[in-house]
Amino acid sequence: MGALTFWRRSIQARVVASTLVLSFVVVSAVGWFLLRQTRDGLLEDRVDAVVAEAANETRDARARLESATLSDVDAAEQQRALVEPIIQRGLSRDFAVVLAGPDGSGGVASDPGSGGATYTFGLDRKSVPASLVEHFSTIAPPSWTYTTIRRLGADGETKVEEPGIAVGSQVTLPADGRTYTLYLLFPTSEDEDTLALVTRALLTAGVLLLLLVAGVTWLVAQQVVTPIRMARRVAERLAAGRLTERLEVSGEDDLARLATSFNQMASNLQRQIRQLEELSRVQRRFVSDVSHELRTPLTTVRMAGDVLHDAKDSFDPVTARSAELLQIELDRFETLLADLLEISRFDAGAAVLEVDDVNLVDVAHRVVDSTRPLADQRGVTLVVRSPGHPCLAEADVRRIERVVRNLVSNAIDHAGPRAPGAVPTVVVSVAGDDHAAAVAVRDYGVGLAPGESAMVFNRFWRADPARARTSGGTGLGLSISLEDAHLHGGWLQAWGRPGEGAQFRLTLPRRNGTPLRRSPISLIPDDVVEPV
């Protein structure tokens, strides 16, 4: 069984998969929200801490500049006195320092290292963002921004890069009275590590939660699906005829009540089926017994009717006509009795085949020759269309001739002209191939209304109940024909359209017992124009 078939048939798999998908969406959304909140919180705390530390360093530097008597020291000495303590603390507290300036000197805005900048050893001075340098190109309040801190190796190439925060503030040196910009660069690697740890924890918790949800869902679905599967198996056994099968009831929950209701339904169905079987058996027995019991009086009545019919010429006209009508109705009654006996054999499963190679072309010609007097009486022309070679099938020739005769007689009874003023025509077509052989009987009468093509094979069914059976039919011919076709493993199908006539098609397998896959004759006649 393929994966797609398993997916279609397993409610449990679909429930678990749907629950996992929804849980994954919810866990992902919650995890993303928590990570975002954690990241924002860590960065906000880090920014507050580094801004406060930078402000403390700036205040401390200003205090040292104001308290020191450095007025007789040049500006370079004051820069070193200002920066070196901060650089030393930065080495212990893991932050870098850049002192750029003074304001207004060339290159200050674009390169904090130009104009005599002092900085932590090994730091790439371009770690200070250009936007922050631009901000301090004139006198400005303290400011900060995110940056990437780059540290240089011995060869002068970038060795390490890490995210960080750059905080800038300005101080004035007493020696020259000019303002310098002090940049403090604080790395945020620890915060990134913390965020990575939280991310791993959330991913691990999410995966474990999804596995837990999948397991719980599977167990819950199993508890619900198991009784349903048991009910399905019991229903399949009931459908196979094992009417004593029942569901096991345990507990008092909804599933137990469902099992109880199912068992009650099965019991009622079993009782009704047995009643119907008994009724059908009684009905078949009644039909069979009545049919056999009627044979003896029918034989006596037939003998008396034959005597009266032979002597009708000596009777007066009224009595002679009565003798003729008696003979006609006796013929119909005898045919009806034979059909009832045949139907009872089908119902009892006692019908058997005497299989032989049958040429359907010969069968069609024999049936047409035997029914031609009836056709001449109705003014109907019979036409046989055959391929010019034998169309053989393994069949019971007596039953097949009876089927074709019923179809031709029915077509004669309902035939109509192909065109106004034309002679009514019935066309019998025969065709065959390596797989099957078929006979189709086409008339151009009133046709069949939608839905009647299936009902036409019902016993005693007539499209127009008020219409008399002028050809002497019993109403069982098509039903017997359908049973004969099924007995051969063949098809008997009907097509019709109001005002365009009807066509009945009998299809038989070339070899008895071979399943049919197609018919050599189309069910819809070739002379019918399909609506667009």
Side-chain angles (χ1 to χ4, degrees), residues 1-53 94 129 131 143-149 160-167 185-236 247-262 265:
M1 183 171 60
L4 183 59
T5 303
F6 176 76
W7 172 260
R8 290 199 308 265
R9 293 184 178 181
S10 177
I11 297 177
Q12 189 173 5
R14 294 201 299 273
V15 169
V16 172
S18 302
T19 305
L20 276 179
V21 170
L22 292 176
S23 301
F24 176 77
V25 172
V26 172
V27 169
S28 299
V30 172
W32 176 84
F33 177 77
L34 291 178
L35 285 176
R36 188 177 181 85
Q37 292 295 317
T38 303
R39 176 179 178 276
D40 292 344
L42 288 174
L43 290 178
E44 288 178 2
D45 291 343
R46 183 60 172 167
V47 168
D48 292 341
V50 299
V51 169
E53 187 170 356
D94 194 21
S131 59
S143 182
W144 67 271
T145 187
Y146 295 109
T147 186
T148 299
I149 301 175
V160 178
E161 289 186 356
E162 57 181 338
I165 301 173
V167 183
L185 286 76
F186 297 86
T188 57
S189 301
E190 293 182 359
D191 302 281
E192 294 292 334
D193 294 340
T194 303
L195 184 62
L197 178 62
V198 172
T199 302
R200 288 193 298 270
L202 287 177
L203 286 176
T204 303
V207 171
L208 294 177
L209 179 61
L210 288 178
L211 293 176
L212 179 62
V213 169
V216 171
T217 305
W218 181 269
L219 292 176
V220 172
Q222 183 76 12
Q223 294 179 359
V224 177
V225 170
T226 298
I228 296 177
R229 289 175 177 168
M230 294 176 56
R232 174 184 59 81
R233 288 193 287 267
V234 172
E236 290 174 349
L247 283 174
E248 181 181 353
V249 180
S250 58
E252 299 179 357
D253 56 9
D254 291 336
L255 292 176
R257 293 168 61 187
L258 175 62
T260 302
S261 301
F262 183 91
M265 178 189 67

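- A heavy-atom distance below 4.5 Å is not found between the side chains of F186 and I149.
- For R14, the side-chain contact (heavy atoms from CB on, under 4.5 Å) test picks out W7, I11, with sequence neighbours left out.
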Evaluation steps, side chain to side chain contact (heavy atoms under 4.5 Å, CB included), between T188 and I165:
CA-CA 7 Å; T188 57; I165 301 173; 3.7 Å; yes

Step by step, would you call W144 with V47 a side chain to side chain contact (heavy atoms under 4.5 Å, CB included)?
CA-CA 8 Å; W144 67 271; V47 168; 3.6 Å; yes

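- Contacts of R232 classified as side-chain hydrogen bond (donor to acceptor under 3.5 Å, both in side chains), with partners at least two apart in sequence or in another chain: E236.
- In this view, E53 and R93 satisfy the salt bridge (charged side-chain N to carboxylate O under 4.0 Å, His left out) rule, not counting sequence neighbours.
- Listed by chain and number, the residues in a side-chain hydrogen bond (donor to acceptor under 3.5 Å, both in side chains) with S189 are E162 (sequence neighbours excluded).
- In terms of heavy-atom proximity, A231 sits nearest to F262 at O-CZ, 4.1 Å.
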Would you give me the side-chain donor-acceptor pairs under 3.5 Å for residues 20-44, sequence neighbours excluded?
{"unit_1": "S23", "atom_1": "OG", "unit_2": "T19", "atom_2": "O", "d": "2.7"}
{"unit_1": "S28", "atom_1": "OG", "unit_2": "F24", "atom_2": "O", "d": "2.7"}
{"unit_1": "T38", "atom_1": "OG1", "unit_2": "L34", "atom_2": "O", "d": "2.7"}

Per-pair distances, 0.1 Å, donor-acceptor, side chain in residues 203-228, under 3.5 Å, sequence neighbours excluded:
{"unit_1": "T204", "atom_1": "OG1", "unit_2": "R200", "atom_2": "O", "d": "2.8"}
{"unit_1": "T217", "atom_1": "OG1", "unit_2": "V213", "atom_2": "O", "d": "2.6"}
{"unit_1": "Q222", "atom_1": "OE1", "unit_2": "Q12", "atom_2": "NE2", "d": "2.7"}
{"unit_1": "Q222", "atom_1": "NE2", "unit_2": "T226", "atom_2": "OG1", "d": "3.3"}
{"unit_1": "T226", "atom_1": "OG1", "unit_2": "Q222", "atom_2": "O", "d": "2.6"}

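- The structure places OG1 of T199 at 9.5 Å from CD of E192, a figure rounded to the nearest 0.5 Å.
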